[in-house]
Amino acid sequence: MNKYEKFPLHLHNSLTKQKEKFEAINPPHLGLYVCGPTVYSDVHLGNCRTFVSFDFMFRYLMHLGYNVRYVRNITDVGHLLDDGEDRMAKKAKVEKLEPMEVAQKYANGFHKMMDILNTLPPSIEPQASGHIPEQIEMVQAILDNGYAYEKNGSVYFDTVKFAKETDQYGKLSGRVIDDLLSETRELKNQDEKNNPADFAIWMKADERHIMRWNSPWSEGFPGWHLECSAMSTKYLGKTFDIHGGGADLKFPHHENEIAQNHSACGSHPANYWVHTNMLLMNGKKMSKSDGNTITPQQLFSGESEHISKGYDPMTVRFFFLQAHYSSTLDLSDDALLAAEKGFKKLMNALPLAEKLVAVSENSNYDLTLSNQIIEKCDQCYIEMSNDFNTAKTLAVLFELAGKLNEIDNGQIKIQQLSTESIERLKSTFTSFVKDVLGLKPEEKGNDKMDEVMDILLNLRKDARANKNWALSDQIRDQLAAAGIVIKDGKEGSTYTF
RNA sequence: GGUCGCGUGGCCGAGUGGCUAGGCAGAGGUCUGCAAAACCUUGUACGGCGGUUCGAAUCCGCCCGCGACCUCCA
C-alpha cells in the first residue's frame, strides 16, 4: 500500500474554503504550481516563509510516494509599478544594467537564499520572458473566445463579460463583481479600459520601455497575470492538481489567472488552491514599502534593531515550521530565541535516532511502550496529512525525541522495545526531521578543526585529571571568547560553535 | 466602507464539543571540581457578554481589540 493511500492527504482548498480529501488527477503523478518571485530586488523574509512552506509540502508529497512535478516560475517581465513602469525596467535604469542582468542578479540571490534555507529546487523553473510566444498564443485564444478586446495595440481582459457569462469571477477571492464594477480609484491606463475591473493581458510599450517583443497587436509586453496561466498550462496541462502562492496573491493575481485559463482553455486551471499566510513583524505584515522589514541577511547576522543576535538559517526554518502555513506568524526576538533552543533540542536527538540498532529477536519486550512509539510514528504522518500541520508534527517529534533521550540515558532499555518499534522510531524520526521538514544540523567544523580541537580538549582533560582547574578553565574561557562552547559530558567533552 | 481572518497560560504557537499539543521561560531534580551544556519531572490557559447543549475555550449571536485583501506585494 502506498503511503498516500495509508495516510491520505487532506488540505484546505481556498477555492471552496473547506478542508478536502486530496484526490490526484493521475496518481502517482502530481502537478504543483507555485507563483515564484518577481526578481527586481533581493528576496525578503516573507518570500522565504512562503517558499519554505511550499518546500515542505513538496517534500512531504514526495515522501508520501507521489511523483511530483513542481513548477515555480520566475517573473521577470510585466509586473508594473503604480506609475505604469515595469519593475524590472526601472531597476535596470537605476542600477545601469540590462533588464536581464537585473533578473539574473536577483534570481541568483533568490536561489542562494533558497539553498541556505535548505529548500529543494523545483522540477521546472520557467521564466516569464522565456515564454513570450506561449503568452501571445494565450492572448490570441482569449481574444478568439471573445473575452478580450484590443485598444491602441494593448489587449484587455473583459472582466465584466467574463463575470456575467461564466459566474466564475470572484469565486476564489470572495470578491463581489458589482463592487469591482463601481471601483472609482484613479489608475494609470484606465482610460483605455472599458471598465476599471478589466486588466491588461498585452500592453503596448511606450518609447521609454526597454523590454518589448513583437506581437500581432503591437510591440509590447505581456500582462503580469498571464505568465502563470501560460506556463502552468504548458508544463502541467489545462487542469492540474495544486496551485499555490502567498495569500496576498489571491486577488487580483490568482483571480485573474483563473479567468484567463477559463477564457483560453475553457477549464479550471487547478483543482486545489493553497495559500500561505503572511509573516508579520510587530503585529503587522512585513512589507518593504512601510519599512516594517528585516532582510534574511540581517536576521542571520543580527545587524538589525529588531533582534538581539543573529540566528542560524535552520533556526529560522524551524521557526516557520512551528506555526501552520495558513496562519499569520509574528516574528520577534523572543520567539526566535525560543525557536533556536527548541531546534537545538530536536537536533540533539537526531544522532541518537541515527545510531539506533535493533536488537535481534527479543521476545520479552514491553508491548505497551513499543506500541506507544509506533503510534507516535504514525501520528507524524497523520498530522502532516492533515493539511501539512508542521506545528503538530514537530510536537510529536519532540515526544519521540524524549523517548530517544530516555533510551540514551538508560531510562528505557533497548530490550524493552520490539524490533519493529526501534526500526520505525529510527526511520520516522530521521526522515521527518531531515527529508520532510528539511531541517539539517548546523554546519560543523572541518576535519582539521576537529584535530585541533582534539588537541585542546585532550590538554584540558589532562589538566582536569591533575585538578589543574586554572588551566582547564582558561582553555574553556578562551575558547568561549572565540565563540566555541565546550560541553562536558559523561563520555568526554565536545564542542559547538 | 466592502470581503475575509484572528484574539489560547509570562512569551511563541497547535488543536478539539467531554480525553496531555509542543517549544521557550519559571520551579524542582540528575550529572559536574565549579560552571555550562545535556537529560528527567512539573504548575498556570483559552478577549467580554449572552445563547444552544448533559457538557463549550471549541457551535451561534452581539460587543471589544487586532490584522489581511479591495489592481505593488509571498
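Reminder, nothing fancy here: chain letters follow the sequence lines and each chain counts from 1.
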key: Among B:rA74, B:rA68, B:rA37, the one nearest A:Thr50 by side-chain distance   = B:rA74
message = Output the rounded distance in Å from NZ (A:Lys309) to P (B:rC24).
response = 14 Å
Salt-bridge contact A:Lys344-A:Asp312 (side-chain N to carboxylate O under 4.0 Å) = no
task = On RNA chain B, check which nucleotide each of A:Lys376 and A:Gly246 is closest to and give me the residue with the more 5' one.
result = A:Lys376
task = Remember a base hit wins even if backbone is also touched, and classify A:Gly174 as base, sugar-phosphate or nothing at under 4.0 Å, heavy atoms.
result = sugar-phosphate
request  = Look at all strands and tell whether A:Asp473 reaches a base, only sugar-phosphate, or nothing, counting heavy atoms closer than 4.0 Å.
outcome  = base
inquiry  = Any carboxylate oxygen within less than 4.0 angstrom of a Lys/Arg side-chain nitrogen, looking at A:Lys392 and A:Glu383?
reply    = yes
remark   = The residue among A:Phe56, A:Phe398, A:Tyr381 that forms ring-ring contact (aromatic ring centres under 6.0 Å, His included) with A:Phe432 is A:Tyr381
Watson-Crick/G-U partner (both atom distances under 3.5 Å) of B:rC31 = none
message = Taking A:Glu95 first and then A:Lys90, would you say they form a salt bridge - that is, a charged N and a carboxylate O separated by under 4.0 Å?
response = no
inquiry  = What contact category does A:Lys345 fall into here, base, sugar-phosphate, or nothing, at under 4.0 angstrom with non-hydrogen atoms?
reply    = sugar-phosphate
ask   = Does any nucleotide pair with B:rA21 by Watson-Crick or G-U wobble geometry, both distances under 3.5 Å, and what is it?
value = none
task = Taking only the side-chain heavy atoms of A:His44 (C-beta and beyond), determine which of B:rG13, B:rC39, B:rA74 contains the nearest atom.
result = B:rA74
request  = Could you please name the option among B:rC40, B:rC34, B:rC24 that lies closest to any side-chain atom of A:Asn409?
outcome  = B:rC40
inquiry  = I need the NZ-C1' distance between A:Lys403 and B:rU20, as an integer number of Å.
reply    = 12 Å
key: Nucleotide nearest A:Glu406 when distance is taken to its side chain, options B:rU41, B:rG67, B:rA21   = B:rU41
ask   = Using centres under 5.5 Å plus planes under 30 degrees as the test, is A:Phe398 stacked with B:rG23?
value = no
task = Report which part of the nucleic acid A:Glu340 touches: base, sugar-phosphate, or nothing (heavy-atom distance under 4.0 Å, all strands).
result = nothing
inquiry  = Could you tell me how far B:rU41 sits from B:rC46 if I compare only their C1' atoms? Round to whole Å.
reply    = 25 Å
inquiry  = Evaluate A:Arg476 against A:Asp473 for salt bridge (charged side-chain N to carboxylate O under 4.0 Å, His left out), listing each step before the verdict.
reply    = CA-CA 5 Å; A:Arg476 181 215 285 163; A:Asp473 289 356; 3.7 Å; yes
message = Say we look at B:rA25 and B:rG9: how far apart would their C1' atoms be, to the nearest angstrom?
response = 12 Å
inquiry  = Classify the ring geometry of A:Tyr325 against A:Phe388: parallel below 30°, tilted from 30° to 60°, perpendicular beyond 60°.
reply    = perpendicular
inquiry  = Under 4.0 Å, counting only non-hydrogen atoms across every strand here, what does A:Lys467 touch: a base, just sugar-phosphate, or nothing?
reply    = nothing
ask   = Which nucleotide in the list B:rC24, B:rA74, B:rG22 gets nearest to the side chain of A:Glu399?
value = B:rG22
ask   = Under 3.5 Å, is there an N or O donor on one side and an acceptor on the other linking the side chain of A:Arg175 and the base of B:rC4?
value = no
request  = Measure from the side-chain heavy atoms of A:Asn348 and tell me the nearest of B:rA74, B:rA14, B:rA38.
outcome  = B:rA38
key: Side-chain donor/acceptor of A:Arg476 to base of B:rA35, under 3.5 Å   = yes
query = Below 3.5 Å, does any donor atom in the side chain of A:Ser472 face an acceptor in the base of B:rG33, or the other way round?
reply = yes
message = What I want to check is whether an N or O donor and acceptor connect the side chain of A:Asp248 with the base of B:rA68 at under 3.5 Å.
response = no
key: Distance between P atoms of B:rU3 and B:rC62 (Å, rounded)   = 13 Å
key: Protein-nucleotide distance (A:Asp330, atom CG; B:rC11, atom C1'), rounded to Å   = 11 Å
message = Need one value for A:Leu249: base, sugar-phosphate or nothing, where a base atom within 4.0 Å counts as base even if backbone is also close, heavy atoms only.
response = sugar-phosphate
ask   = When all nucleic acid strands are considered with a 4.0 Å heavy-atom cut-off, which category describes A:Ala335: base, sugar-phosphate, or nothing?
value = sugar-phosphate
message = Can you tell whether the side chains of A:Asp55 and A:Arg317 come within less than 4.0 Å, N to carboxylate O?
response = yes
Complementary nucleotide of B:rU58, counting Watson-Crick and G-U pairs under 3.5 Å = none
request  = Would you indicate what A:Leu329 reaches in the nucleic acid, counting non-hydrogen atoms under 4.0 angstrom: base, sugar-phosphate, or nothing?
outcome  = sugar-phosphate
key: Nearest listed nucleotide, side chain of A:Asp488, among B:rG33, B:rC24, B:rA36   = B:rA36
message = Can you identify which nucleotide, out of B:rC39, B:rA37, B:rA74, has its nearest atom closest to the A:Lys487 side chain?
response = B:rA37
